[in-house]
Amino acid sequence: MKIKSVSAKIILDSRKEKTILISIKTNAGRTFSASSPSGKSTGKYEAKPYKKSIEEDIEAIKQLQEYFTEEILEEFCDLNMVEDILDGHVGANTLFAFESAVLKAIAYEKKKEVWEIIDSNAGKTKKFPRLVGNCIGGGKHSNMEGKKPDFQEFLLIPESKSPKQAEEENKKLKEKAELLIKIKDKNFNEEKNDENAWMTSLNEKEVLDILNELNIPFGVDVASSGFYSRKKYHYENPMLTRETDEQLGYLTNLMKNYNIIYIEDPFNEEDYESFSKLLTKFPDSLIVGDDLTVTNSKRLQKAIDKNSINAIIVKPNQCGSLLEVKKVCDMAKENKIKIVFSHRSGETEETILADLAFGFGADFFKCGITGKEREAKINRLIAIEKKLK
Ligand code: PGA
Ligand code: ZN
């Protein structure tokens, strides 16, 4: 496959914010497009989404397109050539959308699915990631007036390895959660946040009580870097601060008292040591790095050296390079670290995340439960499941 021309334009994500859509036209005359999501509670160590601005990245793509026309792109590792050309000229969102469009073109040319371009064996092992569905939101993801939970996400994690069954279960439980919130939260007005999770004025303990009633394994994304400053965690509901050792004590307590099997970013994005202390206490729970590791192999290596995590969030646009995503996944597998492919809070209807998760052998797929941008991805995973049956 050869690229004949490239175009890039601005589209709006689910938050009505600008993001990038890349289209490549191949020598066979077909066009393949892909877009990038964008985060709100972004990690400090994430790659920049655009070099300077989205508009300048679009201009850079236009200027560079002639360099692509001679390259022959046939396999996943040929993304090397793409990165040689784009490196240093565009940001991570642009690179991710570009590489996604290239993978779609290669797959079409080879009459294969995108996931097969990553690993054709995935079709034999048929390992589907377990769904991790955002049910209730707080922190930076909630614009609830007044009180709200300080933790950012409360996640349902059905046992089923069938995406179809897990999706059905999550939808039912999200409705049940709504009824339970209604009983306890006088301010509840059935509003949903960016990821289509319920917004509530309850605090995290009250939300955890509700989740306990659902009788399902669940997780939390503390997203603690969002409320960490001057060496303290600043809670608002109730209003209090916790020093690092108090944060460790508080989370230890929650994990002992609730059915929490998964805890993401329990500590600030620099604090590899506290992650490690929590992992030592709870080796059988999932201690997950997101802002800590930002889909970056160097930061993952540090987390491995310090025994900080046993699971890692993979958000391809945190680094932009799918070669780096592969490196992170390979490294995680070698070190028995579970892989959690994840959407972002600002999403498009792009579905390649499902192919990437399946192709890279992800253990979990973190997405919303409802909303067209989230359902599109889960439906793609279900379509892969159906085809392989
Ligand atoms: P983001 O947050 O997509 O807004 O960065 C999601 C997360 O922290 O997991
Ligand atoms: Zn997170």
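Side-chain atoms are counted along with the backbone in the values below, which use heavy atoms only and exclude waters and symmetry mates. Just so it is clear, the model here is predicted, and its values are computed rather than measured.
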*Do K277 side-chain atoms and E273 backbone N/O form a donor-acceptor pair below 3.5 Å?*
no
*V288 with L279, same ILVMFWY side-chain cluster at under 4.5 Å*: no
*asked:* Holding to ring-ring contact (aromatic ring centres under 6.0 Å, His included), I want the full list of residues that pass it with Y45, two or more places apart in sequence or in another chain.
replied: none
*Does the side chain of V102 reach to within under 4.5 Å of the side chain of I3, using non-hydrogen atoms?*
yes
*Taking the side chain as C-beta and beyond, is there a heavy-atom pair between N193 and N143 under 4.5 Å?*
no
*Apply the side chain to side chain contact (heavy atoms under 4.5 Å, CB included) test between I22 and each candidate in N93, L95, D57, T94; give the one that qualifies.*
T94
*Is it true that a side-chain atom of K147 and a backbone atom of N237 form a donor plus acceptor pair closer than 3.5 Å?*
no
*Name the orientation class of the two ring planes belonging to Y228 and Y233 (parallel below 30°, tilted from 30 to 60°, perpendicular beyond 60°).*
tilted
*Can you list the residues that meet the side-chain contact (heavy atoms from CB on, under 4.5 Å) rule with T351, with sequence neighbours excluded?*
A376, R380
_Main-chain N/O of K315 paired with T295 side-chain donor or acceptor, under 3.5 Å_ = yes
_Passing option when F267 is tested against D291, L251, L292 for side chain to side chain contact (heavy atoms under 4.5 Å, CB included)_ = L251
*Does K171 come within less than 4.0 Å of E167, counting only side-chain N to carboxylate O?*
yes
*D355 and K104 ion-paired at < 4.0 Å*: no
*Under a 4.5 Å cut-off applied to non-hydrogen side-chain atoms, are I20 and F96 in contact?*
no
*Just by modelled atom types, is the L300 backbone N or O under 3.5 Å from a matching donor or acceptor in the T293 side chain?*
no
*What do the steps show when you test E324 against S297 for side-chain hydrogen bond (donor to acceptor under 3.5 Å, both in side chains), and what is the final call?*
CA-CA 7 Å; E324 178 70 4; S297 55; 2.8 Å; yes
_Lys/Arg-Asp/Glu bridge criterion (N-O < 4.0 Å) met for K389, E385_ = no
*Between the side chains of K174 and T370, does any donor sit under 3.5 Å from an acceptor?*
yes
*So which heavy atom on L155 is nearest to which on V220, and how close?*
CD1-C, 4.1 Å
*Below 4.5 Å, heavy atoms only, C-beta onward: do P158 and Q165 meet side chain to side chain?*
no
_F154: partners by ring-ring contact (aromatic ring centres under 6.0 Å, His included), with sequence neighbours left out_ = none
*Do any N or O atoms from the side chain of Q65 and from the backbone of S7 form a donor-acceptor pair under 3.5 angstrom?*
no
*Mind listing the closest non-hydrogen atom pair of F98 and I61 along with its distance?*
CD1-CD1, 3.7 Å
_Neighbour count above 12 (heavy atom, 6.0 Å) for K9 NZ_ = no
_Checking side-chain polar atoms at under 3.5 Å, does T19 have a donor or acceptor matched by the opposite partner on D13?_
no
*Does the N196 side chain pair with the main chain of I369, one donor and one acceptor, at a distance under 3.5 Å?*
no
*Please step through side-chain contact (heavy atoms from CB on, under 4.5 Å) for the pair L322 and L356, ending with a clear verdict.*
CA-CA 9 Å; L322 289 173; L356 297 174; 4.0 Å; yes
*Are L278 and I313 connected in the hydrophobic side-chain network, where two residues link if heavy atoms are under 4.5 Å apart?*
no
*Side-chain ion pair, E55 and K18, N-O less than 4.0 Å*: yes
*Is it true that K232 and E246 have a side-chain N and a carboxylate O under 4.0 angstrom from each other?*
no
*asked:* Taking atom CD as the centre, does E236 end up with more than 12 heavy-atom neighbours from other residues, nucleotides or ligands that are less than 6.0 angstrom away?
replied: no
*Can you sort out the partners of K326 under salt bridge (charged side-chain N to carboxylate O under 4.0 Å, His left out), two or more places apart, ordered by chain and number?*
D330
*Do any pairs count as a salt bridge (charged side-chain N to carboxylate O under 4.0 Å, His left out) and have a residue in residues 69-84, sequence neighbours left out, and if so which ones?*
none
*Would you confirm whether D221, through its side chain, and Q152, through its main-chain N or O, come within 3.5 Å as a donor-acceptor pair?*
no
*Could you tell me which non-hydrogen atom of C77 sits nearest to which non-hydrogen atom of L323, and how far apart they are?*
CA-CD2, 4.4 Å
*asked:* Could you check whether E59 pairs with K62 (Lys NZ or Arg NE/NH1/NH2 to Asp/Glu carboxylate O, under 4.0 Å)?
replied: yes
*Determine whether N259 and N212 make a side-chain contact, defined as any pair of heavy atoms from C-beta on separated by less than 4.5 Å.*
yes
*Give a yes or no on whether I304 and V340 share a hydrophobic cluster (residues Ile, Leu, Val, Met, Phe, Trp, Tyr; joining criterion: side-chain heavy atoms under 4.5 Å apart).*
no
*Partners passing side-chain contact (heavy atoms from CB on, under 4.5 Å) against E159 (at least two apart in sequence or in another chain)*: R130, P217
*Any chance the side chains of D185 and S201 put a donor and an acceptor closer than 3.5 Å?*
yes
*With distance as the sole test, does R30 use its side chain to make a donor-acceptor pair with the main-chain N or O of E109 at under 3.5 Å?*
no
*Quick one: list whatever passes side-chain contact (heavy atoms from CB on, under 4.5 Å) with T42, sequence neighbours left out.*
E46, R344
*Mind checking ring-ring contact (aromatic ring centres under 6.0 Å, His included) for Y67 and listing every partner two or more places apart, or none if nothing turns up?*
none
*Are more than 12 heavy atoms from other residues, nucleotides or ligands located less than 6.0 Å from atom CG of L240?*
yes
*Using a strict cut-off of less than 4.0 Å between a Lys/Arg side-chain nitrogen and an Asp/Glu carboxylate oxygen, indicate whether K40 and E17 qualify as a salt bridge.*
no
*Looking at residues at least two apart in the chain, or sitting in another chain, which of them share a side-chain contact (heavy atoms from CB on, under 4.5 Å) with K184?*
L202, D209, I210, E213
*Does the side chain of I261 come within less than 4.5 Å of S285's, by heavy atoms?*
no
_Is the shortest side-chain heavy-atom distance between I287 and M255 below 4.5 Å?_
yes
_Shortest non-hydrogen contact between F360 and I339, atoms and distance_ = O-CD1, 4.3 Å
*Go through the structure and list residues passing side chain to side chain donor-acceptor pair (under 3.5 Å) with E204, not counting sequence neighbours.*
Y250
*Would F341 end up clustered with F76 when hydrophobic side chains under 4.5 Å apart are linked, directly or stepwise?*
yes
*What pairs with K327 under side chain to side chain donor-acceptor pair (under 3.5 Å), at least two apart in sequence or on another chain?*
none
_Nearest atoms (heavy-atom pairs only) where T280 meets P283_ = O-CD, 3.5 Å
*Please name the pair of heavy atoms, one in A34 and one in E350, separated by the smallest distance, quoted to 0.1 Å.*
CA-OE1, 3.1 Å
*Considering only heavy atoms from C-beta outward, does the side chain of Q301 approach that of M331 to under 4.5 Å?*
yes
*Are L211 and I263 connected in a single hydrophobic cluster, I mean Ile/Leu/Val/Met/Phe/Trp/Tyr linked by side-chain heavy atoms less than 4.5 Å apart?*
yes
_Has D290 got a side-chain atom pairing as donor or acceptor with E264's backbone, closer than 3.5 angstrom?_
no
Identify every side-chain donor-acceptor pair in residues 116-123 under 3.5 Å, counting partners at least two apart or on other chains, and give the distances.
residue, atom, partner, partner atom, Å
E116, OE1, E113, N, 2.8
D119, OD1, N121, N, 2.9
N121, OD1, K124, NZ, 2.9

